[in-house]
Amino acid sequence: MLFSIAACLLTAGAAFAQPSQPSYEIGGTVFSNDAMRTSDFFTLSQQQFNFGTARSMAMGGAFTSLGADQASMVLNPAGLGMYRRNEIAITPMILSTKAETAGTGSYLSNSKSRFGLGNIGGVFNLYEGSNRRVMSVNMGIGYTRVADFNYNYSFGYAPAQGRASIADAMSVLLEAGGATVDKDGTIRMGNAANWGIDPFFWPAVAGYKTYLVDQNAQGVWYPAEIGVNADIEGGTALRSRGSIGEIDFAVGANLDNKLYVGVTIGVQTVYRKQSLYYGEAYSYGGGNGYDSPERAVYADGTELTEVMQSMGLSQQTTLDGVGVNLKLGVIYRPVAGLRLGFALHTPTFYSLERRYDLSMATRALGPTSATDPTTHEYTSDAYSQVLEDEGRNSWDFVSPTRLMFGISYTFGNVAILSADYERAWYNGIRVKNQPYLPWGPAESDFKEDFKTYFKGSNSLRLGLEVRPVPMVALRAGYGYTGSMLKDKNTILSSPAVSETNYFTAGLGFNLGRSCFLDVAYCHTKHKLTEYMLFYGNVYGSGGDEIYESDRYLTDLKRHQVAVTFGYRF
């Protein structure tokens, strides 16, 4: 049962025991917002180490074997042992993201720019030794951004006849859940009614409440006011805001100017708010299907009394919480100029609270009344309750373990070359606690997903610094993170980053003995997984019914400019 591809695989009756009964496959981005999915845990586990200070950003984040930079707190705390003076610094930044979706037209703005904080913190000397064993001990306290969720994407598709409507998938969803309608118009599923029905079905409940879908006298759910001859066009828009920041408490020691060791306790703050809109419009030969030459009809040729013109579904999710991790690091300098670094990042243990709600509106044309055939416009809307997963119903999970290896060489005071390799085991993500999901995946299903479809990823970071004169540094870098999926064609419930490339550059200025100024630029390209907006498929002995959207592929391009102001004393 693959929940990362299907938001839920539902069965009617004893479908597994009786193959003659139909089975259902329902999912896509529109039907995957009532709960966290595999793609959510995957996304929250992806962290970038090219944020932080402008110097580390300009050198591609290749700082596992380098030190004397506040990036050491999130990469390799052993680097704190290389500080010889106290330091405080702050790094404001500008982030701009643009999305491109292959094969689609523009719908709304696909760009998002905003100010952010890359890093703020200080490093302070705790001990300065006079013996040759422990030369110094330094403590660091700081905040660093490790993930950014600020982006927009939207696209639309042209009208076409025969295209599946989300109303078809909603009908399948209600059929799969065994939904019925009372004489008073109340929709029921088991002992639950209206918004008391499991939130997985809320988009379809909203479809019923706004007359997009209905149940006939035979108990069959169907798109109530959409003709089989409709030309269907649609579009979607996602607005995402938020980030993950890490507050670090780190200590690094210098042993005989040869060996440096360190430890960091990291406390992460998580906030992500997303608004997802999906809409459709219906036309008939260029007209509205009601008072136009071409009339909307059912499959048997009967004309519709009311004709749907458009629908729009908006869903909002907010996720916030905290995580805790531990980082251990070592740097060894076997000969002058050469540094070898190693760091272990334990999994981050997260506890997250989540809120979800939706609203939907439709517009239809029909007669004013049974005795007045003049055209009248009908609008309908529906608003769900707010689902809150908190307290004992929060979402707890652990992110991958990370190992980092670094090597660098310093050519006197003229240049530095640095390279990092990182291995992160995404198949080790585990869900530890979740709300009760009658129609959703269990903790064991998430575990099986990550073991079966995910793997460890490899990252490479390269950095270069050249000082043509003592007061000025020229910097450049590159980073690459490979896919964490065993099969790059895997379709997740919502798009997630599967591959990252970035190029960096920057300048550094020593403004006297105590002050410094660093500037950095980073261009990043994220390749996302393919995704579908919706699908509601029925498989049975009487034939299969397939109602699904096209597949889409969105890429994100990010531009970052950071400036670090620092003071040493």
Side-chain contact, heavy-atom cut-off 4.5 Å: [X] with [Y]?
X      : Y      : result
Leu319 : Asp40  : no
Pro223 : Ser171 : yes
Leu212 : Met360 : yes
Asn433 : Ser394 : yes
Leu485 : Phe454 : yes
Pro367 : Asp372 : no
Phe201 : Ile26  : no
Gln434 : Phe446 : yes

**Study point:** Ionic contact status for Asp320 with Lys273, cut-off 4.0 Å
**Key:** no
Heavy-atom neighbours of [X] [atom1] exceed 12 at 6.0 Å:
X      : atom1 : value
Lys455 : NZ    : yes
Lys451 : NZ    : no
Asn191 : CG    : no
Tyr211 : OH    : no

Practice item. Please lay out, stage by stage, how Asp198 and Met189 fare under the test side chain to side chain contact (heavy atoms under 4.5 Å, CB included). Key: CA-CA 9 Å; Asp198 187 278; Met189 193 176 294; 5.8 Å; no
Practice item. Could you give me the CA-CA distance, side-chain angles and deciding distance for Val30 and Gln315, then say whether side chain to side chain contact (heavy atoms under 4.5 Å, CB included) is met? Key: CA-CA 8 Å; Val30 177; Gln315 300 178 80; 3.7 Å; yes
Any sub-3.5 Å donor-acceptor pair from [X]'s side-chain atoms to [Y]'s backbone N or O?
X      : Y      : result
Asn216 : Gly219 : yes
Trp202 : Trp195 : yes
Ser292 : Gly289 : yes
Asp487 : Asn489 : yes
Trp221 : Ala179 : yes
Arg354 : Asp389 : no
Tyr290 : His376 : no
Asp357 : Gln385 : no
Thr452 : Asp449 : no
Glu225 : Ala364 : no

Give a yes-or-no answer on whether the side chains of [X] and [Y] include a donor-acceptor pair shorter than 3.5 Å.
X      : Y      : result
Ser493 : Ser39  : yes
Gln309 : Asn288 : no
Tyr539 : Glu25  : yes
Ser96  : Ser113 : yes
Ser154 : Asn110 : yes
Gln268 : Gln47  : yes
Ser459 : Thr481 : yes
Asn427 : Lys486 : no
Thr97  : Arg558 : yes
Thr29  : Tyr278 : no

Exercise for review: Please step through side chain to side chain donor-acceptor pair (under 3.5 Å) for the pair Asn501 and Tyr478, ending with a clear verdict.
Suggested key: CA-CA 8 Å; Asn501 277 277; Tyr478 169 74; 2.6 Å; yes
Review point. Under the criterion side chain to side chain contact (heavy atoms under 4.5 Å, CB included), which of Lys98, Arg241, Arg239 is the partner of Lys112?
Key: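 Result: among Lys98, Arg241, Arg239, Arg241 is the only option passing the side chain to side chain contact (heavy atoms under 4.5 Å, CB included) with Lys112.
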Check your understanding: Run the side chain to side chain contact (heavy atoms under 4.5 Å, CB included) check on Tyr271 and Thr318 step by step: do they pass?
Key -> CA-CA 8 Å; Tyr271 179 79; Thr318 303; 3.8 Å; yes
Just verifying a value: how many Å separate [X] [atom1] and [Y] [atom2], rounded to the nearest 0.5 Å?
X      : Y      : atom1 : atom2 : result
Thr317 : Asn33  : OG1   : CG    : 6.0 Å
Leu174 : Tyr208 : CG    : OH    : 10.0 Å
Ile187 : Thr180 : CD1   : OG1   : 8.0 Å
Ser359 : Leu313 : OG    : CG    : 7.5 Å
Glu233 : Arg163 : CD    : CZ    : 9.0 Å
Lys527 : Ser498 : NZ    : OG    : 6.0 Å

Looking only at heavy atoms, which two atoms of [X] and [Y] are closest? And how far apart?
X      : Y      : value
Gly235 : Tyr157 : N-CE2, 4.2 Å
Arg461 : Gly61  : NE-O, 3.3 Å
Gly536 : Val172 : O-CG2, 3.6 Å
Ser399 : Thr348 : OG-N, 2.9 Å
Pro203 : Phe200 : CD-O, 3.7 Å
Gly285 : Asp231 : N-OD2, 3.6 Å

**Study point:** Residues Thr554, Tyr531; criterion side chain to side chain donor-acceptor pair (under 3.5 Å); working and verdict
**Key:** CA-CA 9 Å; Thr554 299; Tyr531 58 99; 2.7 Å; yes
Review point. Does the pair Ser243 and Asp148 meet the rule for a side chain to side chain donor-acceptor pair (under 3.5 Å), with working shown?
Key: CA-CA 4 Å; Ser243 64; Asp148 188 84; 5.4 Å; no
**Study point:** Identified ring pair (Phe, Tyr, Trp, His ring centres under 6.0 Å) counterpart of Phe41 within the set Tyr350, Tyr426, Phe397
**Key:** Phe397
Review point. Is there a side chain to side chain donor-acceptor pair (under 3.5 Å) between Tyr24 and Glu175 once you walk through the steps?
Key: CA-CA 9 Å; Tyr24 304 86; Glu175 177 185 331; 2.8 Å; yes
